[in-house]
Amino acid sequence: MKNLIICLFVFSALSCGDLTDFTTVTNPNLSEESVVGQPNSSSIWLSGMERQLSIVLNELVINAEIASDNYNNDQTFYNQFLDNLDINKEDDDIADIQFAIHRLRAMSTFGLEEVGPGDPNYSPETEAEYLFMSGLTSLFSGMYFVALSSVPGETVKTADENLADAVVSLSSAAAINPKPEYILAEARAHYLRGHKDSAMEKAQAALDASPDFLRFTSYDQAEGPVNVMENALYQRGTFDDLQPLPTLDFLDPKYSFLSASTDPPVHFLKAEEAHLILLEGMIANGELDAAQAKMTDLIALVEGRGTRTIDDSIEGRTEFAPKSRPDSTCVVVNGREGLVLSRDEGDVAIPNISGTSLTQADVDGISSETEALYLLYRTRQEIFIAEGIRMVDMGVKLILSEEEELLNENVTEGSLGTTPQIPGFIDAVKDQLDEITYTPGECTASTTIDLNQLLVDNRSNAMVLPFH
(Lines give C-alpha, C1' and ligand atoms only; values in the text may rest on other atoms or scores of the structure.)
Protein backbone atom coordinates (compact mmCIF):
# COMPACT_ATOMS: atom_id res chain seq x y z
CA MET A 1 0.00 0.00 0.00
CA LYS A 2 1.49 3.28 -1.12
CA ASN A 3 -0.21 5.62 1.30
CA LEU A 4 -1.29 4.81 4.82
CA ILE A 5 -3.18 7.28 7.01
CA ILE A 6 -3.72 6.38 10.64
CA CYS A 7 -6.29 8.46 12.46
CA LEU A 8 -6.22 8.60 16.24
CA PHE A 9 -9.55 9.58 17.73
CA VAL A 10 -8.17 11.42 20.71
CA PHE A 11 -11.20 13.65 20.99
CA SER A 12 -14.59 12.32 19.98
CA ALA A 13 -15.63 15.71 18.65
CA LEU A 14 -12.92 15.65 15.98
CA SER A 15 -13.15 13.65 12.79
CA CYS A 16 -10.27 11.98 11.01
CA GLY A 17 -10.35 14.74 8.41
CA ASP A 18 -10.08 17.39 11.12
CA LEU A 19 -6.95 15.72 12.48
CA THR A 20 -5.18 15.47 9.14
CA ASP A 21 -6.20 18.71 7.41
CA PHE A 22 -3.30 20.89 8.49
CA THR A 23 -4.06 23.49 5.79
CA THR A 24 -6.81 24.98 7.96
CA VAL A 25 -4.22 26.27 10.45
CA THR A 26 -3.01 29.74 9.54
CA ASN A 27 -0.07 31.61 11.05
CA PRO A 28 -0.05 35.16 9.67
CA ASN A 29 3.70 35.35 10.18
CA LEU A 30 4.28 32.27 8.04
CA SER A 31 1.67 32.80 5.33
CA GLU A 32 2.49 33.05 1.65
CA GLU A 33 1.28 36.65 1.70
CA SER A 34 3.95 37.54 4.25
CA VAL A 35 6.57 36.74 1.60
CA VAL A 36 5.12 37.08 -1.89
CA GLY A 37 4.59 40.63 -3.06
CA GLN A 38 6.70 42.23 -0.33
CA PRO A 39 9.59 44.61 -1.19
CA ASN A 40 13.00 42.88 -1.03
CA SER A 41 11.35 39.52 -0.42
CA SER A 42 13.38 38.00 -3.26
CA SER A 43 16.71 38.73 -1.58
CA ILE A 44 15.39 37.46 1.76
CA TRP A 45 14.18 34.29 0.07
CA LEU A 46 17.61 33.90 -1.52
CA SER A 47 19.20 33.98 1.92
CA GLY A 48 17.00 31.06 2.90
CA MET A 49 18.03 29.21 -0.24
CA GLU A 50 21.69 29.78 0.56
CA ARG A 51 21.11 28.28 3.99
CA GLN A 52 19.40 25.29 2.39
CA LEU A 53 22.33 24.87 0.01
CA SER A 54 24.60 24.65 3.05
CA ILE A 55 22.38 21.85 4.36
CA VAL A 56 22.49 20.08 0.99
CA LEU A 57 26.30 20.17 1.00
CA ASN A 58 26.31 18.94 4.59
CA GLU A 59 24.30 15.89 3.58
CA LEU A 60 26.24 15.23 0.39
CA VAL A 61 29.83 15.79 1.41
CA ILE A 62 30.19 13.58 4.47
CA ASN A 63 28.28 10.65 2.99
CA ALA A 64 30.04 10.82 -0.37
CA GLU A 65 33.40 11.00 1.39
CA ILE A 66 32.61 7.97 3.52
CA ALA A 67 31.60 6.05 0.39
CA SER A 68 34.90 6.93 -1.28
CA ASP A 69 38.38 5.60 -0.60
CA ASN A 70 39.41 8.94 0.94
CA TYR A 71 38.46 8.04 4.50
CA ASN A 72 38.00 5.10 6.80
CA ASN A 73 34.99 5.50 9.08
CA ASP A 74 36.63 4.76 12.42
CA GLN A 75 33.60 5.35 14.65
CA THR A 76 29.86 4.69 14.58
CA PHE A 77 28.72 8.30 14.81
CA TYR A 78 28.36 8.61 11.01
CA ASN A 79 27.10 6.32 8.25
CA GLN A 80 28.20 2.72 8.75
CA PHE A 81 26.93 1.35 5.45
CA LEU A 82 28.51 3.53 2.81
CA ASP A 83 32.09 2.89 3.95
CA ASN A 84 31.78 -0.56 2.33
CA LEU A 85 29.52 0.68 -0.46
CA ASP A 86 26.49 -0.99 1.08
CA ILE A 87 23.95 1.22 -0.67
CA ASN A 88 20.41 0.36 0.37
CA LYS A 89 17.05 2.07 0.28
CA GLU A 90 16.53 1.86 4.05
CA ASP A 91 19.54 4.11 4.72
CA ASP A 92 18.20 7.28 6.35
CA ASP A 93 21.17 9.30 5.11
CA ILE A 94 20.28 8.57 1.50
CA ALA A 95 16.74 9.76 2.19
CA ASP A 96 18.07 12.90 3.89
CA ILE A 97 20.21 13.74 0.85
CA GLN A 98 17.19 13.41 -1.42
CA PHE A 99 14.98 15.50 0.85
CA ALA A 100 17.61 18.26 1.07
CA ILE A 101 17.96 18.43 -2.72
CA HIS A 102 14.20 18.37 -3.27
CA ARG A 103 13.69 21.13 -0.72
CA LEU A 104 16.23 23.38 -2.46
CA ARG A 105 14.61 22.64 -5.82
CA ALA A 106 11.17 23.55 -4.47
CA MET A 107 12.55 26.78 -3.01
CA SER A 108 14.16 27.62 -6.37
CA THR A 109 10.93 27.01 -8.24
CA PHE A 110 8.91 29.08 -5.78
CA GLY A 111 11.46 31.86 -6.02
CA LEU A 112 11.39 31.91 -9.81
CA GLU A 113 7.62 31.62 -10.16
CA GLU A 114 6.26 33.50 -7.16
CA VAL A 115 8.66 35.40 -4.92
CA GLY A 116 10.80 37.03 -7.58
CA PRO A 117 8.02 38.24 -9.91
CA GLY A 118 6.09 39.55 -6.90
CA ASP A 119 8.96 41.66 -5.56
CA PRO A 120 9.12 45.24 -6.94
CA ASN A 121 12.86 45.16 -6.19
CA TYR A 122 13.54 41.83 -7.93
CA SER A 123 16.89 42.10 -9.70
CA PRO A 124 18.41 40.18 -12.62
CA GLU A 125 21.25 39.14 -10.31
CA THR A 126 18.79 37.51 -7.90
CA GLU A 127 16.98 35.78 -10.75
CA ALA A 128 20.32 34.40 -11.92
CA GLU A 129 20.98 33.06 -8.42
CA TYR A 130 17.59 31.35 -8.39
CA LEU A 131 18.42 29.71 -11.72
CA PHE A 132 21.86 28.74 -10.43
CA MET A 133 20.35 27.09 -7.36
CA SER A 134 17.83 25.26 -9.52
CA GLY A 135 20.64 24.12 -11.78
CA LEU A 136 22.61 22.85 -8.80
CA THR A 137 19.72 20.63 -7.72
CA SER A 138 19.68 18.99 -11.15
CA LEU A 139 23.48 18.79 -11.17
CA PHE A 140 23.62 17.10 -7.77
CA SER A 141 20.80 14.75 -8.78
CA GLY A 142 22.79 13.64 -11.82
CA MET A 143 26.08 13.45 -9.95
CA TYR A 144 24.98 11.36 -7.01
CA PHE A 145 21.92 9.35 -8.03
CA VAL A 146 21.19 6.71 -10.64
CA ALA A 147 17.83 8.43 -11.09
CA LEU A 148 15.83 11.05 -9.23
CA SER A 149 12.60 12.89 -9.91
CA SER A 150 12.49 16.65 -10.24
CA VAL A 151 8.79 16.94 -9.38
CA PRO A 152 7.19 15.07 -6.44
CA GLY A 153 5.36 11.95 -7.51
CA GLU A 154 6.45 12.08 -11.15
CA THR A 155 8.52 9.65 -13.17
CA VAL A 156 12.15 9.67 -12.13
CA LYS A 157 14.77 11.08 -14.48
CA THR A 158 18.02 9.34 -15.35
CA ALA A 159 21.31 10.86 -14.25
CA ASP A 160 21.92 12.11 -17.79
CA GLU A 161 18.47 13.70 -17.99
CA ASN A 162 19.09 15.53 -14.72
CA LEU A 163 22.47 16.72 -16.00
CA ALA A 164 20.81 17.95 -19.20
CA ASP A 165 18.32 19.91 -17.07
CA ALA A 166 21.25 21.37 -15.15
CA VAL A 167 22.79 22.68 -18.36
CA VAL A 168 19.56 24.50 -19.24
CA SER A 169 19.23 26.25 -15.87
CA LEU A 170 22.92 27.04 -15.46
CA SER A 171 23.31 28.43 -18.97
CA SER A 172 20.24 30.60 -18.34
CA ALA A 173 21.83 31.90 -15.14
CA ALA A 174 25.09 32.69 -16.93
CA ALA A 175 23.21 34.45 -19.74
CA ILE A 176 21.82 36.88 -17.16
CA ASN A 177 24.97 37.24 -15.08
CA PRO A 178 28.12 35.48 -16.38
CA LYS A 179 29.62 34.61 -13.00
CA PRO A 180 32.45 32.08 -13.28
CA GLU A 181 30.86 29.62 -10.88
CA TYR A 182 27.72 29.45 -13.03
CA ILE A 183 29.86 28.70 -16.08
CA LEU A 184 31.95 26.11 -14.24
CA ALA A 185 28.87 24.32 -12.91
CA GLU A 186 27.67 24.02 -16.50
CA ALA A 187 31.13 22.77 -17.50
CA ARG A 188 30.86 20.07 -14.82
CA ALA A 189 27.49 18.96 -16.17
CA HIS A 190 28.94 18.68 -19.70
CA TYR A 191 31.99 16.88 -18.29
CA LEU A 192 29.91 14.26 -16.50
CA ARG A 193 27.89 13.68 -19.67
CA GLY A 194 31.13 13.07 -21.58
CA HIS A 195 30.63 16.13 -23.78
CA LYS A 196 34.32 16.98 -24.04
CA ASP A 197 34.26 19.97 -26.37
CA SER A 198 31.43 21.73 -24.53
CA ALA A 199 33.00 21.02 -21.14
CA MET A 200 36.37 22.39 -22.23
CA GLU A 201 34.77 25.46 -23.79
CA LYS A 202 32.88 26.30 -20.58
CA ALA A 203 35.87 25.51 -18.35
CA GLN A 204 38.00 27.96 -20.30
CA ALA A 205 35.22 30.56 -20.22
CA ALA A 206 35.06 30.24 -16.43
CA LEU A 207 38.81 30.87 -16.15
CA ASP A 208 38.54 33.79 -18.56
CA ALA A 209 35.92 35.30 -16.27
CA SER A 210 38.17 34.85 -13.23
CA PRO A 211 41.43 32.86 -12.97
CA ASP A 212 41.09 32.07 -9.26
CA PHE A 213 37.37 32.20 -8.41
CA LEU A 214 35.76 30.43 -5.47
CA ARG A 215 32.13 29.72 -4.59
CA PHE A 216 31.41 28.44 -1.12
CA THR A 217 28.67 27.69 1.37
CA SER A 218 28.81 29.33 4.80
CA TYR A 219 28.23 27.74 8.20
CA ASP A 220 27.30 29.19 11.57
CA GLN A 221 28.91 27.63 14.62
CA ALA A 222 26.51 29.39 17.00
CA GLU A 223 23.14 29.31 15.23
CA GLY A 224 23.62 26.57 12.66
CA PRO A 225 23.85 24.92 10.34
CA VAL A 226 27.33 23.87 11.41
CA ASN A 227 29.82 22.26 9.03
CA VAL A 228 29.20 18.56 9.68
CA MET A 229 32.38 17.49 7.89
CA GLU A 230 34.41 19.77 10.16
CA ASN A 231 32.84 18.08 13.17
CA ALA A 232 33.89 14.68 11.88
CA LEU A 233 37.42 15.71 10.90
CA TYR A 234 38.39 18.02 13.74
CA GLN A 235 35.94 19.33 16.29
CA ARG A 236 35.05 15.98 17.84
CA GLY A 237 38.74 15.81 18.74
CA THR A 238 40.00 12.48 20.02
CA PHE A 239 37.00 10.62 18.64
CA ASP A 240 38.93 10.45 15.34
CA ASP A 241 35.77 9.70 13.37
CA LEU A 242 37.13 9.73 9.83
CA GLN A 243 40.72 8.75 9.08
CA PRO A 244 42.25 9.62 5.70
CA LEU A 245 44.37 7.31 3.62
CA PRO A 246 48.05 7.85 4.53
CA THR A 247 48.54 9.19 0.99
CA LEU A 248 46.16 12.03 1.91
CA ASP A 249 47.34 12.67 5.47
CA PHE A 250 48.95 16.00 4.62
CA LEU A 251 45.56 17.33 3.51
CA ASP A 252 43.66 16.45 6.69
CA PRO A 253 41.69 18.13 8.19
CA LYS A 254 40.62 20.44 5.37
CA TYR A 255 38.11 22.00 7.80
CA SER A 256 39.05 23.07 11.31
CA PHE A 257 37.68 25.33 14.04
CA LEU A 258 37.45 29.03 13.13
CA SER A 259 35.55 30.75 15.93
CA ALA A 260 32.62 30.42 18.33
CA SER A 261 30.37 32.02 15.72
CA THR A 262 31.72 30.85 12.35
CA ASP A 263 32.40 27.39 10.96
CA PRO A 264 34.69 26.91 7.95
CA PRO A 265 33.06 27.09 4.50
CA VAL A 266 32.90 24.39 1.85
CA HIS A 267 34.32 25.57 -1.47
CA PHE A 268 32.15 23.59 -3.84
CA LEU A 269 33.06 25.35 -7.10
CA LYS A 270 36.58 26.63 -7.69
CA ALA A 271 38.91 27.51 -10.55
CA GLU A 272 41.00 24.38 -10.00
CA GLU A 273 38.19 22.27 -11.44
CA ALA A 274 38.26 24.21 -14.69
CA HIS A 275 41.96 23.41 -15.07
CA LEU A 276 41.29 19.74 -14.32
CA ILE A 277 38.54 19.54 -16.96
CA LEU A 278 40.82 21.15 -19.53
CA LEU A 279 43.62 18.79 -18.55
CA GLU A 280 41.50 15.71 -19.08
CA GLY A 281 40.34 17.01 -22.43
CA MET A 282 43.89 17.71 -23.55
CA ILE A 283 45.00 14.22 -22.57
CA ALA A 284 42.03 12.70 -24.39
CA ASN A 285 42.98 14.73 -27.46
CA GLY A 286 46.57 13.43 -27.32
CA GLU A 287 47.94 16.89 -26.50
CA LEU A 288 50.46 15.89 -23.82
CA ASP A 289 52.58 19.04 -24.14
CA ALA A 290 49.51 21.23 -23.58
CA ALA A 291 48.45 19.02 -20.67
CA GLN A 292 51.85 19.38 -19.03
CA ALA A 293 51.67 23.17 -19.39
CA LYS A 294 48.21 23.16 -17.87
CA MET A 295 49.44 21.05 -14.94
CA THR A 296 52.09 23.69 -14.31
CA ASP A 297 49.37 26.36 -14.23
CA LEU A 298 47.38 24.24 -11.79
CA ILE A 299 50.34 23.82 -9.44
CA ALA A 300 50.78 27.61 -9.35
CA LEU A 301 47.09 28.16 -8.57
CA VAL A 302 47.08 25.59 -5.75
CA GLU A 303 50.28 26.97 -4.24
CA GLY A 304 48.66 30.40 -4.14
CA ARG A 305 45.71 29.15 -2.07
CA GLY A 306 47.78 28.94 1.10
CA THR A 307 47.21 26.96 4.30
CA ARG A 308 45.80 27.23 7.80
CA THR A 309 48.06 26.50 10.77
CA ILE A 310 46.28 24.52 13.46
CA ASP A 311 46.99 22.63 16.65
CA ASP A 312 46.12 19.01 15.88
CA SER A 313 48.12 17.48 18.70
CA ILE A 314 45.18 15.58 20.19
CA GLU A 315 44.71 13.71 16.91
CA GLY A 316 45.76 10.16 17.72
CA ARG A 317 44.80 8.75 14.32
CA THR A 318 42.48 6.37 16.16
CA GLU A 319 41.12 6.56 19.67
CA PHE A 320 40.84 2.80 20.10
CA ALA A 321 44.39 1.94 19.01
CA PRO A 322 46.67 5.00 19.34
CA LYS A 323 49.58 5.15 16.89
CA SER A 324 48.10 2.33 14.80
CA ARG A 325 48.00 4.64 11.79
CA PRO A 326 50.97 6.55 10.33
CA ASP A 327 51.62 9.75 12.30
CA SER A 328 55.24 10.71 11.62
CA THR A 329 56.98 12.60 8.83
CA CYS A 330 59.40 9.70 8.54
CA VAL A 331 56.69 7.50 7.06
CA VAL A 332 57.05 6.69 3.37
CA VAL A 333 53.72 5.70 1.80
CA ASN A 334 53.72 3.57 -1.34
CA GLY A 335 57.32 4.64 -1.84
CA ARG A 336 56.51 8.37 -1.60
CA GLU A 337 57.85 10.75 1.03
CA GLY A 338 56.29 13.86 2.59
CA LEU A 339 52.68 12.66 2.73
CA VAL A 340 52.37 12.13 6.51
CA LEU A 341 52.63 14.81 9.21
CA SER A 342 53.90 14.59 12.79
CA ARG A 343 50.97 16.16 14.61
CA ASP A 344 52.06 15.70 18.21
CA GLU A 345 55.20 17.79 17.70
CA GLY A 346 53.37 21.11 17.30
CA ASP A 347 51.20 23.10 14.90
CA VAL A 348 50.70 21.80 11.37
CA ALA A 349 49.90 23.71 8.18
CA ILE A 350 46.96 22.24 6.24
CA PRO A 351 45.58 23.41 2.87
CA ASN A 352 42.04 24.63 3.54
CA ILE A 353 40.99 25.23 -0.08
CA SER A 354 43.18 23.03 -2.26
CA GLY A 355 46.36 21.07 -1.82
CA THR A 356 48.34 18.61 -3.90
CA SER A 357 51.49 16.53 -3.86
CA LEU A 358 51.94 17.13 -7.60
CA THR A 359 55.37 18.58 -8.36
CA GLN A 360 56.96 20.07 -11.42
CA ALA A 361 59.27 17.06 -11.54
CA ASP A 362 56.19 14.82 -11.80
CA VAL A 363 54.90 16.91 -14.67
CA ASP A 364 58.21 17.01 -16.53
CA GLY A 365 58.50 13.22 -16.25
CA ILE A 366 55.23 12.45 -18.08
CA SER A 367 55.87 10.35 -21.17
CA SER A 368 52.50 8.75 -21.94
CA GLU A 369 48.75 9.26 -21.79
CA THR A 370 48.51 6.63 -19.04
CA GLU A 371 51.05 8.44 -16.85
CA ALA A 372 49.29 11.77 -17.41
CA LEU A 373 45.89 10.32 -16.53
CA TYR A 374 47.25 8.72 -13.39
CA LEU A 375 48.70 12.01 -12.16
CA LEU A 376 45.50 13.80 -13.12
CA TYR A 377 43.26 11.49 -11.07
CA ARG A 378 45.65 11.45 -8.14
CA THR A 379 45.57 15.24 -8.23
CA ARG A 380 41.77 15.33 -8.53
CA GLN A 381 41.56 13.16 -5.42
CA GLU A 382 43.84 15.53 -3.50
CA ILE A 383 42.30 18.82 -4.63
CA PHE A 384 38.72 17.66 -4.07
CA ILE A 385 39.24 15.84 -0.76
CA ALA A 386 36.41 16.46 1.72
CA GLU A 387 34.26 18.04 -1.03
CA GLY A 388 32.20 15.01 -2.06
CA ILE A 389 33.67 14.59 -5.55
CA ARG A 390 35.73 11.42 -5.22
CA MET A 391 32.66 9.15 -5.08
CA VAL A 392 31.53 10.70 -8.37
CA ASP A 393 34.94 10.07 -9.94
CA MET A 394 34.60 6.44 -8.83
CA GLY A 395 31.43 6.09 -10.88
CA VAL A 396 29.35 5.25 -7.80
CA LYS A 397 25.74 6.44 -7.65
CA LEU A 398 23.10 6.19 -4.94
CA ILE A 399 19.56 4.85 -5.18
CA LEU A 400 16.08 6.11 -4.44
CA SER A 401 15.11 6.01 -0.79
CA GLU A 402 12.47 3.69 0.62
CA GLU A 403 10.21 6.72 1.13
CA GLU A 404 10.33 7.49 -2.58
CA GLU A 405 9.50 3.89 -3.42
CA LEU A 406 6.53 3.90 -1.04
CA LEU A 407 5.10 7.29 -1.97
CA ASN A 408 5.78 7.56 -5.70
CA GLU A 409 3.43 5.44 -7.82
CA ASN A 410 6.02 5.50 -10.62
CA VAL A 411 8.64 3.71 -8.52
CA THR A 412 8.49 0.00 -7.76
CA GLU A 413 11.08 -2.45 -6.54
CA GLY A 414 13.52 -3.14 -9.36
CA SER A 415 12.52 -0.11 -11.43
CA LEU A 416 14.86 2.66 -12.58
CA GLY A 417 16.77 4.18 -9.70
CA THR A 418 16.35 1.33 -7.22
CA THR A 419 19.65 -0.43 -8.02
CA PRO A 420 22.93 1.32 -7.13
CA GLN A 421 25.64 1.96 -9.68
CA ILE A 422 29.02 0.54 -8.69
CA PRO A 423 31.57 -0.28 -11.40
CA GLY A 424 32.45 -3.96 -11.30
CA PHE A 425 36.17 -3.35 -10.85
CA ILE A 426 35.38 -1.29 -7.73
CA ASP A 427 32.74 -3.65 -6.40
CA ALA A 428 35.35 -6.43 -6.49
CA VAL A 429 37.61 -4.54 -4.04
CA LYS A 430 35.08 -2.44 -2.12
CA ASP A 431 36.04 -3.96 1.24
CA GLN A 432 39.67 -2.95 0.69
CA LEU A 433 39.28 0.60 -0.61
CA ASP A 434 40.63 2.31 2.52
CA GLU A 435 42.65 -0.63 3.87
CA ILE A 436 46.29 0.02 4.78
CA THR A 437 49.33 -1.91 5.92
CA TYR A 438 51.34 -0.29 8.69
CA THR A 439 53.29 -1.44 11.72
CA PRO A 440 53.22 1.12 14.58
CA GLY A 441 56.52 2.91 15.00
CA GLU A 442 57.86 1.98 11.58
CA CYS A 443 58.52 4.40 8.72
CA THR A 444 56.83 2.61 5.86
CA ALA A 445 53.17 2.19 5.00
CA SER A 446 51.14 1.15 2.01
CA THR A 447 47.58 1.16 0.78
CA THR A 448 46.11 -2.17 -0.28
CA ILE A 449 44.43 -0.66 -3.33
CA ASP A 450 45.72 2.06 -5.66
CA LEU A 451 42.33 3.18 -6.88
CA ASN A 452 43.74 5.85 -9.17
CA GLN A 453 45.58 3.15 -11.09
CA LEU A 454 42.41 1.06 -11.20
CA LEU A 455 40.45 3.99 -12.57
CA VAL A 456 43.01 4.63 -15.29
CA ASP A 457 43.31 0.93 -16.16
CA ASN A 458 39.52 0.77 -16.55
CA ARG A 459 39.11 4.09 -18.35
CA SER A 460 37.08 2.47 -21.13
CA ASN A 461 34.35 1.68 -18.58
CA ALA A 462 31.41 4.01 -19.30
CA MET A 463 30.93 4.77 -15.57
CA VAL A 464 34.31 6.48 -15.11
CA LEU A 465 36.70 8.92 -16.86
CA PRO A 466 34.00 10.65 -18.96
CA PHE A 467 36.30 11.67 -21.85
CA HIS A 468 37.70 8.19 -22.45
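Heads up: numbering here begins at 1 and tracks the sequence. In what follows, every heavy atom counts, from backbone to side chain, and hydrogens, waters and symmetry copies are set aside.
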For the pair [X] and [Y], find out whether any cationic side-chain nitrogen is under 4.0 Å from an anionic carboxylate oxygen.
X    : Y    : result
E369 : R459 : yes
D69  : R390 : yes
D241 : R236 : yes
R378 : D362 : yes
K430 : D427 : yes
E272 : K270 : no
E273 : R215 : no

(message) Ring centroids only, cut at 6.0 angstrom: are F145 and F140 within range, meaning strictly under it?
(response) no
(message) For H190 and R193, which I'm curious about, is there any donor-acceptor pair between the side chains at under 3.5 Å?
(response) no
(message) Between N352 and S256, do the side chains contain a donor N or O and an acceptor N or O under 3.5 Å apart?
(response) no
[X] atom [atom1]: more than 12 heavy-atom contacts under 6.0 Å:
X    : atom1 : value
E337 : CD    : no
F257 : CZ    : yes
E413 : CD    : no

(request) Test Y255 against every option in R308, E230, Q235 by the side-chain contact (heavy atoms from CB on, under 4.5 Å) rule and name the one that passes. (result) E230
(request) Identify which one of L339, V348, L341, V333 satisfies the side-chain contact (heavy atoms from CB on, under 4.5 Å) criterion when paired with D249. (result) L341
